[in-house]
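Have a look at the structure below before the remarks.
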Amino acid sequence: MAEPLRVVVTGAAGQIAYSLLYMVAKGDVFGPNQPLILHLLDIPPMMGVLEGVVMELADCALPLLHGVVPTDDPAVAFNNVSAAFLVGAMPRKQGMERKDLLSANVKIFKVQGEALDKYAKKDVKVLVVGNPANTNALICSRYAPSIPRENFTAMTRLDQNRAQAQIAAKINVPVRKVSNLIIWGNHSSTQFPDASHAVVEVNGSVSSVPEVVKDQAWLNSVFVETVQKRGAAVINARKMSSAMSAAKAASDHMKDWFLGTAPERFVSMGVLSDGSYGAPKDVVFSFPVTIKAGKWEIVQGLKISDFARQLLDVTGKELEEERQEAIQIIEA
Ligand SMILES: NC(=O)c1ccc[n+]([C@@H]2O[C@H](COP(=O)([O-])OP(=O)(O)OC[C@H]3O[C@@H](n4cnc5c(N)ncnc54)[C@H](O)[C@@H]3O)[C@@H](O)[C@H]2O)c1
Ligand SMILES: O=C(O)C[C@H](O)C(=O)O
């Protein structure tokens with residue numbers, strides 16, 4: 001059997017981690033033959049709760065779980081890790097936009113960038129879930145100069161999964177039949193969920209989603225807005241932000257990053273922008289990517305309509321504004 005892989009989950013006593021830890025520890029992410037040592041980071045007041053999580057992980061009797069390291073010390077949490085789920089941060093409440101969390105959360109990602117730089121493996125793959133995820137990922141990478149910047153990503157997979165579910169419901173097919181939805185830009189209400197390159201398998205043959213949906217007005221309005229506002233809709237209903245679906249999306253993102261995407265399929269990830277599709281450079285922007293041997297690559301050559309161009313520009317501008325605000329907060 002392989003050597004155990006060290007994986008850190010921050011915010012390990014929180015809502016998302018409660019679902020995520022089980023998914024990771026039972027092999028959903030790194031495969032059924034990969035033993036794991038889980039490092040669990042939270043803040044000192046949460047150590048009692050974390051103790052309960054550690055008890056439950058033990059009580060799951062999971063064969064792949066070779067060790068658990070609960071801690072409030074980033075030096076211990078990030079030591080020698082190959083994968084990092086950065087979940088720990090304040091969630092938004094009813095009536096807030098995700099960017100309202102910048103001042104509360106961005107400093108956490110400076111500190112954790114520095115700790116990753118010092119203690120993690122140099123090829124660690126980092127997924128930022130804590131909001132505002134794109135800008136937190138950018139800041140984290142800036143404070144970890146010894147780790148390649150392409151190893152820092154932000155989660156827009158939940159938006160992709162939401163988009164996939166909306167399309168599957170609209171055309172009344174199982175969700176697994178729908179793929180290649182794209183989330184462009186920020187994990188915020190300016191994101192652009194784009195179905196124009198998506199495909200659906202019907203009776204064994206693959207068709208374009210817009211051709212099957214036959215309702216471009218719906219795709220440009222109700223569909224886009226539903227996905228953009230889904231996080232807020234869950235908060236309004238649950239009085240807490242999404243957790244189970246966020247954990248599933250984090251698993252999907254890291255699994256595809258480690259194990260690769262299927263032929264002809266792409267997924268969306270917030271990655272450091274190289275300016276593809278006219279996005280601003282040096283922000284963490286969500287693009288369609290394919291992944292092979294642990295390396296993601298932005299899918300090139302997709303047609304961008306005038307409608308899409310407008311929405312891409314809006315979300316890119318928001319990311320530039322967030323970057324400026326984050327730098328001001330950190331340097332204050
Ligand atoms: N990108 C996405 O799609 C997505 C989806 C859902 C939620 N989120 C975000 O994920 C974050 C976590 O959500 P949650 O519901 O699990 O929140 P939660 O409040 O239930 O848990 C957060 C945990 O993080 C811990 N924490 C705070 N500061 C920390 C630090 N410096 N180091 C380590 N741990 C720290 C808290 O003590 C708490 O246990 C929020 O910012 C939320 O908005 C992102
Ligand atoms: O919307 C939120 O604040 C939580 C999360 O980012 C989500 O999309 O559900």
Side-chain angles (χ1 to χ4, degrees), residues 8-21 39-53 70-78 84-116 126-137 139-140 153-163 165 183 185-191 193 226-254 268-270 284 286:
V8 62
V9 176
T10 74
Q15 288 264 356
I16 295 175
Y18 193 70
S19 292
L20 177 62
L21 288 170
H39 292 207
L40 311 183
L41 179 69
D42 213 295
I43 53 175
M46 296 304 283
M47 287 302 105
V49 175
L50 193 58
E51 212 178 301
V53 174
T71 182
D72 58 10
D73 180 358
V76 175
F78 291 107
F85 292 89
L86 303 189
V87 180
M90 188 204 276
R92 71 172 161 149
K93 308 275 177 335
Q94 242 167 324
M96 290 168 85
E97 283 294 325
R98 295 189 190 94
K99 67 180 171 212
D100 298 334
L101 296 171
L102 250 184
S103 56
N105 289 342
V106 77
K107 286 186 182 154
I108 296 176
F109 292 87
K110 172 182 183 236
V111 172
Q112 295 189 350
E114 289 166 343
L116 281 159
V126 181
L127 166 60
V128 176
V129 175
N131 279 319
N134 300 54
T135 300
N136 288 338
I139 295 302
C140 197
T153 61
M155 190 164 97
T156 52
R157 185 58 171 266
L158 177 52
D159 310 293
Q160 178 193 313
N161 289 349
R162 287 167 171 165
I183 303 300
N186 201 2
H187 172 63
S188 78
S189 53
T190 68
Q191 69 178 265
T226 302
V227 179
Q228 286 176 330
K229 294 181 184 157
R230 187 68 159 187
V234 172
I235 292 171
N236 285 340
R238 255 171 53 86
K239 314 295 171 216
M240 282 191 289
S241 74
S242 62
M244 176 173 51
S245 56
K248 163 65 167 50
S251 295
D252 290 345
H253 177 122
M254 198 65 100
S268 291
M269 279 170 46
V284 170
S286 180

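Remember, it's 1-based here, ligands and their atoms both numbered in the order they're listed.
Of the protein's heavy atoms, Gly11 N, 3.4 Å lies nearest to atom 34 (N) of ligand 1. The nearest protein atom to atom 8 (O) of ligand 2, hydrogens excluded, is given as Arg98 NH2, 2.7 Å; this is a heavy-atom distance. Nearest non-hydrogen protein atom to atom 41 (O) of ligand 1 is Met90 O, 2.9 Å. Nearest protein heavy-atom contact of atom 32 (N) of ligand 1 is Gln112 NE2, 3.3 Å. Closest to atom 20 (O) of ligand 1, if we only count protein heavy atoms, is Gln15 N, 2.9 Å. Atom 44 (C) of ligand 1 has Val129 O, 2.8 Å as its closest protein atom, hydrogens excluded (heavy atom only). In this structure, the protein non-hydrogen atom closest to atom 1 (O) of ligand 2 is Arg92 NH2, 2.7 Å. The shortest contact between atom 11 (C) of ligand 1 and any protein heavy atom is with Val87 O, 3.2 Å. Remark: minimum distance from atom 30 (C) of ligand 1 to any protein heavy atom is reached at Ile43 CG2, 3.6 Å. The closest protein non-hydrogen atom to atom 13 (O) of ligand 1 is Ile16 CD1, 3.5 Å.
Per-residue contacts place Ser241 under 4.0 angstrom from the following atoms of ligand 1 (heavy atoms of the residue considered): 15 (O). Remark: ligand 1 atoms within the under-4.0 Å shell around heavy atoms of Leu158 are 3 (O), 5 (C). Close approach to Ile108 involves these atoms of ligand 1, each under 4.0 Å from a residue heavy atom: 28 (N), 31 (N). Annotation for ligand 1: atoms under 4.0 Å from non-hydrogen atoms of Ala246 are 5 (C), 6 (C). Within ligand 2, counting atoms from 1 as listed, the ones closer than 4.0 Å to a heavy atom of Ser241 are 4 (C). Annotation for ligand 1: atoms under 4.0 Å from non-hydrogen atoms of Ala89 are 11 (C), 12 (C), 22 (C), 24 (O), 40 (C), 41 (O). Taking every heavy atom of Met46 and a limit of under 4.0 angstrom, the matching atoms of ligand 1 come to 37 (O), 39 (O).
Between atom CG of residue Asp42 and atom OG1 of residue Thr10 there is a gap of 8.0 Å, rounded to the nearest 0.5 Å. Atom-to-atom distance recorded for Cys140:SG and Glu114:CD is 9.5 Å, nearest 0.5 angstrom. In this structure, the separation between CG on Asn134 and NE2 on His187 is 8.0 Å, given to the nearest 0.5 Å. Once rounded to the nearest 0.5 Å, the distance linking CG of Asp100 with CG of Asn131 reads 11.0 Å.
The shortest N/O to N/O separation between Asn131 and ligand 1 falls below 3.5 Å. For ligand 1, one of its N or O atoms has an N or O atom of His187 under 3.5 Å away. Of the polar atoms of Gly88, none of the N or O atoms is found under 3.5 Å from an N or O of ligand 1, judged by distance alone.
A side chain to side chain contact (heavy atoms under 4.5 Å, CB included) with Leu86 is found for one member of Leu116, Leu41, Asn136, Val129 and no other, namely Leu116.
Comparing His187, Met240, Lys93 against atom 6 (O) of ligand 2, the shortest heavy-atom distance belongs to His187. The heavy atom nearest to atom 38 (C) of ligand 1, out of those in Asp42, Val8, Val234, is found in Asp42. The heavy atom nearest to atom 17 (O) of ligand 1, out of those in Gly14, Ala247, Pro91, is found in Pro91.
Residue Ser286 comes nearest to Thr156 through the heavy atom pair OG-OG1, 2.7 Å, listed as atom of the first residue, atom of the second, then distance. When all heavy atoms of Pro193 and Gln228 are compared, the pair lying nearest together is CD-CG, 4.2 Å. Scanning all heavy atoms of the two residues, the minimum distance from Ala154 to His253 falls at O-CE1, 3.7 Å. Across all their heavy atoms, Ala133 and Met155 have their closest contact at CB-N, 4.4 Å. Between Val227 and Gln191 the shortest heavy-atom distance is CG1-OE1, 3.6 Å. The two residues Phe109 and Gly88 come nearest to each other via the heavy atoms CZ-O, 3.9 Å.
For Lys107 (side chain) and Ala104 (main-chain N/O), no donor-acceptor pair under 3.5 Å exists by modelled atom type. The closest donor-acceptor contact from the side chain of His39 to the backbone of Ala77 lies under 3.5 Å. In terms of modelled atom types and a separation under 3.5 Å, the side chain of Ser268 and the main chain of Ile183 share a donor-acceptor contact.
Neither the backbone nor the side chain of Val234 has a heavy atom within less than 4.0 Å of ligand 2. Here Met96 has no heavy atoms under 4.0 Å from ligand 2, in either its backbone or its side chain. If you look at Arg162 next to ligand 2, the close heavy atoms, those under 4.0 Å, all belong to the side chain.
Under a 4.0 angstrom heavy-atom cut-off, Arg230 registers as lying outside contact with ligand 2. Within the structure, ligand 1 lacks Met240 among the residues with a heavy atom less than 4.0 angstrom away. The shell of residues lying under 4.0 angstrom from ligand 2, judged by heavy atoms, includes Asn131. The closest approach between Ile235 and ligand 2 falls below 4.0 Å for a heavy atom of the residue. At least one heavy atom of Gly130 sits less than 4.0 Å from an atom of ligand 1.
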Item to complete: Report the C-alpha distance between Leu21 and Val53 in whole Å, list the side-chain angles of each, state the deciding distance to 0.1 Å, and finish with yes or no for side-chain contact (heavy atoms from CB on, under 4.5 Å).
Response: CA-CA 9 Å; Leu21 288 170; Val53 174; 3.6 Å; yes

Worksheet item: Checking side chain to side chain donor-acceptor pair (under 3.5 Å) for the pair Glu97/Ser189: CA distance, chi angles, key distance, verdict?
Response: CA-CA 8 Å; Glu97 283 294 325; Ser189 53; 3.0 Å; yes

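The number of heavy-atom neighbours closer than 6.0 Å to CZ of Arg230, taken from other residues, nucleotides and ligands shown, is 12 or below. Within 6.0 Å of the CE atom in Met244, the count of heavy atoms belonging to other residues, nucleotides or ligands does not exceed 12.
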